[in-house]
Every structure is written in C-alpha cells, then in structure tokens.
Amino acid sequence: MKKQIPAIKGTKDILPREARQWQNVEAVIKRVCELYGYREIRTPIFEATELFEKGTGETSDIVIKEMYTFTDKAGRSLTLRPEYTPSVVRSIIDNRLYLKPDPLRFYFMGPMFRYDKPQKGRYRQFHQLDVEVFAEKDPAVDAEIVEMATYLLHQLKVTDTETLVNSVGCKACRPSYIKKLRTHAQKEKKELCEDCQRKVLTNPLRIFDCKQETCQAIARDFPMITDHLCQECEEHFNKFCAHLDFYGLKYRIEPRLVRGIDYYTKTTFEIISSKLGAQDAVLGGGRYDDMMKEFGGPDICGIGFAMGLERLLSVVPKTEPKGQFLYLAHLGDEAKEAGMALAQFLRREGVECLMEYKEKGLKSQMSRANKLGATWVLIVGEDEVKKGRYQLKNMATGRQEEWSQKEILDVIRETS
Ligand code: AMP
C-alpha cells in the first residue's frame, strides 16, 4: 500500500453537499451587502509581511504567533493574509480609489490563514466575509453596519445571538488609560499567564483578549477604557448607542471588548452566538480611523467587520437542497449516443441532466436515479431511438409516459 497524503492539520474540505449550503449562504450575503451599497473587491491572498505587521499590529497575537510567513524565491518576506482589512486599505491607496466618485464601501468573501491551535470553530484556513466602509466619520455609519450585520443574520435565520459594543478610545485618550492599566496590571503580574506577563509591558490592553480563566478574573478588576474616554470619543460612543436604539437593536455594553487587533479606535463590536461554545464570536469589528494615514495614504477613516463563515454556517439552520434534475438512463450503444444528444439538448435548454457511462441494466439505473433523488428519469433504449419517442418518468408521482424530444421539454417545464 502506498502512503496516503492527508490534509494539513487545521484545514477542512468543503464537500459538494456542504458546498451547496455555502453557496446558498453566500448568495444571501451578496444580496444583503449589495442592498446596503457595498461592492465586491478581491485582493491577492498574499501580501508583504510588513503590511500585517504594521496594520494588524506588532503586539497582536495574530502577528506574534499566527502568521503564515514565508520567503519567496526573490528573498521577499510574504504572508498569507490572516485578515482582510490591511489588504483593502492597501488596495484603496494603490489604486487611488478615494479619488473616484464611487462610495468606498466594500465586501469580500474568501480564505484567511492563521497558525491558530485547531479546535472546534478554529481552523488554520478559514473563510471570512469582510465588510468595510471608508470616509464616514459619523457614528450613524457605525450603527448602520451593526444593523446590517443583524439583518444579515436575521435573513439567514440565525437566532440566539447577542450584540456587544464598546469604545476603545483614540490616540488622544488611550495612552493615559494604557499607562493606568499598566500600573494596575503590574501589581498582578505574577498571577497572570506567561503571555499576559509579556503584554503588561508591550500592550496591556491585549490582556483582555486572553482566554485563560485566571487572567480574565484578574482583568475584571482592571480600570475600564469606557471610564477614560476623551470628550470626542465619549460623544461618538453615546451617539452610536443612540442610533442603535433608533434602529430598535438590542445590545450590551461590554467594556472589556477590546478585540484582538491593534488598530481599532472608538467603536468595537461583536455578535456572539450561544450555540457556538467556547469560540462564540460569529463576527467582530470596529472603527480604525488611523490606518490609511499610517499606510502612507490620505487621512481617511474606516469601519468594518469580519464574519467567520465556518462559524456562521454552523449556526445557520440546514436546508435540504431542492434542486431538480433529470437522470438519463440508456441501454445499448446506439441509445448511448442518442442519449448524449438528448442530454446536450436538455442542458442547453437549462434542464440539469445527469448521464452516467457505466454499463448497467435499466433496473440498476432506475434504482440509482431513485437513490440520487432524481426528479425525472428519461429512458432511452433502442426502441425509443427508432421511434424518436422516449419514456419520461416523474419520480414523485411514478407516472411514466412517452414523448418526443420537444414534448419532454414542455412536460418538464410544466412540472418544475
Ligand atoms: P477576527 O478577524 O479575529 O476579528 O475574527 C473575525 C471572525 O472570524 C471571528 O468572529 C470568527 O468568526 C472568525 N475567525 C477568526 N479566527 C478564526 C479561526 N481560526 N477559525 C475560524 N474562524 C475564525
């Protein structure tokens, strides 16, 4: 026996039946995004490593521990994107999209790569829907984006979710808060995990991201950013919440919601699902008003969210695909060719048609069609070919009748 080559740990095949569910969910996502004025953007899967170091942030877990980074043949350091926002910002600057009249509203769906510890809801290649709006300072857009995410989940019949919101301040108010937080964290340093001990120095805000019980318990007594916002951030947050109220959305203010990424300013939010277990965030996002400028672009603010599609699909109610199709059963060489022509004709007319080429008798072809859930079976034998009339069986009613090629199409169209 030759050695098998298994899939890489943390990756997952999406098999055809499951892919159908993905397609249905993706279609709803596209429709909702377009309804809110977003347009699709597609950027490369790999980028210069520096883009994520600078964008996602050098003190984030993603950059420290989780990036798939490699050197290409020309000696450049490249990284498979671990998240999408820095790529979109880079693309806007590269293509000077801000000079065009089109709204700076983008969405994207595709794979992301993180060297995470694989577990339920955590993969090394996973998929995200990413939604981003630029050049809108008004907190009304923060609320609109949360409203859109809520509507999207509603359209997908996802229930039992909770919306968490917070503000992480800005360049003006965060540094003094971080200083205070560091002093506090310093006192508890010995009790924190090794990772968090490092964070006390590098970025104590990231301690709130730690999943360890002891660290979370200690962090509960830390000073909260919401009590240290500058006037502008506080006003922004109050207006954001007022707009959420205007939409009639339910939410909980969670002062520890700092999200694992360094670039956020002001608003952060997350929608969690009680059906998900430990990794309970279906989506998360926030505002990042400084990133474009820091990437050498114009001073344009941004806000967005990323939704994990594997997690989303695990909470979307499953529906059996209802696709109709015709199974073409053929008997003998002559009938095979006639069947090939008939199948081609029907496909050109938009009828999904399956023909298999293993030599099998009528009985076994019929039972196969039944097993596959065919809507109709078209029987093509030598007699049928001679007459130019074929037996069409409706599998739901069991009714079988003889028709010409043209009539077959009419019958199918009438019954579908
Ligand atoms: P983040 O980019 O870390 O804010 O994550 C946004 C969303 O992506 C999360 O809420 C999850 O739904 C999803 N996600 C993040 N990391 C993973 C992963 N390793 N595997 C699967 N989904 C993930």
Side-chain angles (χ1 to χ4, degrees), residues 10-12 29 33 38 40-70 77-94 104-119 121-134 145 149 168 203 205-206 208-209 211 257-272 279-292 294-295 297 300-312:
T11 68
K12 195 166 157 285
I29 290 176
C33 288
Y38 293 87
E40 191 178 3
I41 185 167
R42 300 185 189 194
T43 65
I45 275 181
F46 54 82
E47 300 269 4
T49 301
E50 201 190 347
L51 185 82
F52 302 109
E53 287 172 348
K54 238 173 129 182
T56 313
E58 276 169 313
T59 63
S60 66
D61 278 356
I62 293 180
V63 170
I64 295 172
K65 297 190 267 187
E66 298 169 4
M67 294 213 295
Y68 273 93
T69 297
F70 61 98
S77 178
L78 304 179
T79 293
L80 300 183
R81 60 177 180 223
E83 58 140 349
Y84 206 59
T85 311
S87 300
V88 182
V89 173
R90 183 213 36 78
S91 175
I92 292 173
I93 300 170
D94 268 3
L104 295 171
R105 285 183 174 232
F106 307 101
Y107 74 95
F108 168 79
M109 280 183 275
M112 305 291 151
F113 305 85
R114 291 185 196 173
Y115 197 82
D116 244 339
K117 198 165 165 228
Q119 54 183 281
R122 246 187 210 289
Y123 308 98
R124 288 183 173 169
Q125 176 175 331
F126 61 99
H127 297 76
Q128 281 186 341
L129 157 70
D130 197 79
V131 172
E132 314 282 354
V133 193
F134 296 88
I145 211 167
V168 291
N203 188 351
L205 203 60
R206 295 275 73 87
F208 291 114
D209 297 327
K211 295 280 178 219
L257 182 72
V258 295
R259 315 258 313 117
I261 294 168
D262 287 352
Y263 51 65
Y264 287 122
T265 51
K266 298 195 173 100
T267 310
T268 54
F269 58 91
E270 222 167 68
I271 298 186
I272 58 173
Q279 304 300 324
D280 62 357
V282 187
L283 65 92
R287 191 168 262 286
Y288 46 94
D289 289 349
D290 305 320
M291 195 195 289
M292 187 92 71
E294 266 152 35
F295 278 2
I300 291 179
C301 60
I303 177 166
F305 70 81
M307 180 187 266
L309 296 185
E310 280 78 4
R311 284 192 209 169
L312 175 68

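We're numbering straight along the sequence, starting at 1. For clarity, every value in this text was computed on a predicted model and none was experimentally measured.
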Donor-acceptor contact below 3.5 Å, side chain [X] vs main chain [Y]:
X: R114; Y: Y123; value: no
X: R311; Y: G121; value: yes
X: T49; Y: S77; value: yes
X: T268; Y: L257; value: yes

Would a 4.5 Å heavy-atom cut-off, applied to side chains only, mark [X] and [Y] as touching?
X: V131; Y: Y38; result: yes
X: S60; Y: F52; result: no
X: L312; Y: L129; result: no
X: P111; Y: H127; result: yes
X: F106; Y: I92; result: yes
X: L309; Y: F126; result: no

Requested in this report: Test side-chain contact (heavy atoms from CB on, under 4.5 Å) on E47 and T79 and set out the steps.
Outcome: CA-CA 6 Å; E47 300 269 4; T79 293; over 6 Å; no
Query raised in the report: Would one find more than 12 heavy atoms of other residues, nucleotides or ligands at under 6.0 Å from atom CD of E50?
Result: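 No, CD of E50 has 12 or fewer neighbouring heavy atoms, counting only those of other groups under 6.0 Å.
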Out of curiosity, [X] [atom1] to [Y] [atom2], how far, rounded to the nearest 0.5 Å?
X: D289; Y: I303; atom1: CG; atom2: CD1; answer: 8.5 Å
X: I29; Y: M109; atom1: CD1; atom2: CE; answer: 5.0 Å
X: Q128; Y: F108; atom1: CD; atom2: CZ; answer: 9.5 Å
X: T56; Y: I64; atom1: OG1; atom2: CD1; answer: 11.5 Å
X: N203; Y: E58; atom1: CG; atom2: CD; answer: 12.0 Å
X: E270; Y: M307; atom1: CD; atom2: CE; answer: 12.0 Å

On a heavy-atom basis, which atom in [X] and which in [Y] lie closest, and how many Å separate them?
X: A149; Y: L283; answer: CB-CD2, 3.8 Å
X: P82; Y: M112; answer: O-CB, 3.8 Å
X: D116; Y: E66; answer: OD1-OE2, 3.0 Å
X: V168; Y: Y264; answer: CG2-O, 3.6 Å
X: F134; Y: I300; answer: CB-CG2, 3.9 Å
X: M67; Y: E53; answer: CE-CG, 4.3 Å

Report task. Report the C-alpha distance between F305 and I271 in whole Å, list the side-chain angles of each, state the deciding distance to 0.1 Å, and finish with yes or no for side-chain contact (heavy atoms from CB on, under 4.5 Å). Result -> CA-CA 10 Å; F305 70 81; I271 298 186; over 6 Å; no
Report task. Tell me whether the guanidinium CZ or amine NZ of R124 lies under 6.0 angstrom from the six-membered ring centre of Y115 and within 45° of its axis. Result ->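 Judged by the rule, R124 and Y115 form a cation-pi pair.
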Report task. Verify side-chain contact (heavy atoms from CB on, under 4.5 Å) between F46 and Y68, making sure each step is shown before the conclusion. Result -> CA-CA 10 Å; F46 54 82; Y68 273 93; over 6 Å; no
Query - Basic-acidic side-chain contact under 4.0 Å: E294, K54 - result: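 Salt bridge absent between E294 and K54.
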Assess, by modelled atom type and distance only, whether the side chains of [X] and [Y] contain a donor and an acceptor separated by less than 3.5 Å.
X: E132; Y: Y288; result: yes
X: T43; Y: Y84; result: yes
X: Q279; Y: Q119; result: yes

Query raised in the report: Are Y263 and T85 close enough, and set up right, to give a side-chain contact (heavy atoms from CB on, under 4.5 Å), and what steps lead you there?
Result: CA-CA 10 Å; Y263 51 65; T85 311; 3.3 Å; yes
Query raised in the report: Just one of V133, T265, I145 clears the side chain to side chain contact (heavy atoms under 4.5 Å, CB included) bar with R287, so which one?
Result: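 It is T265; the other options fail the test.
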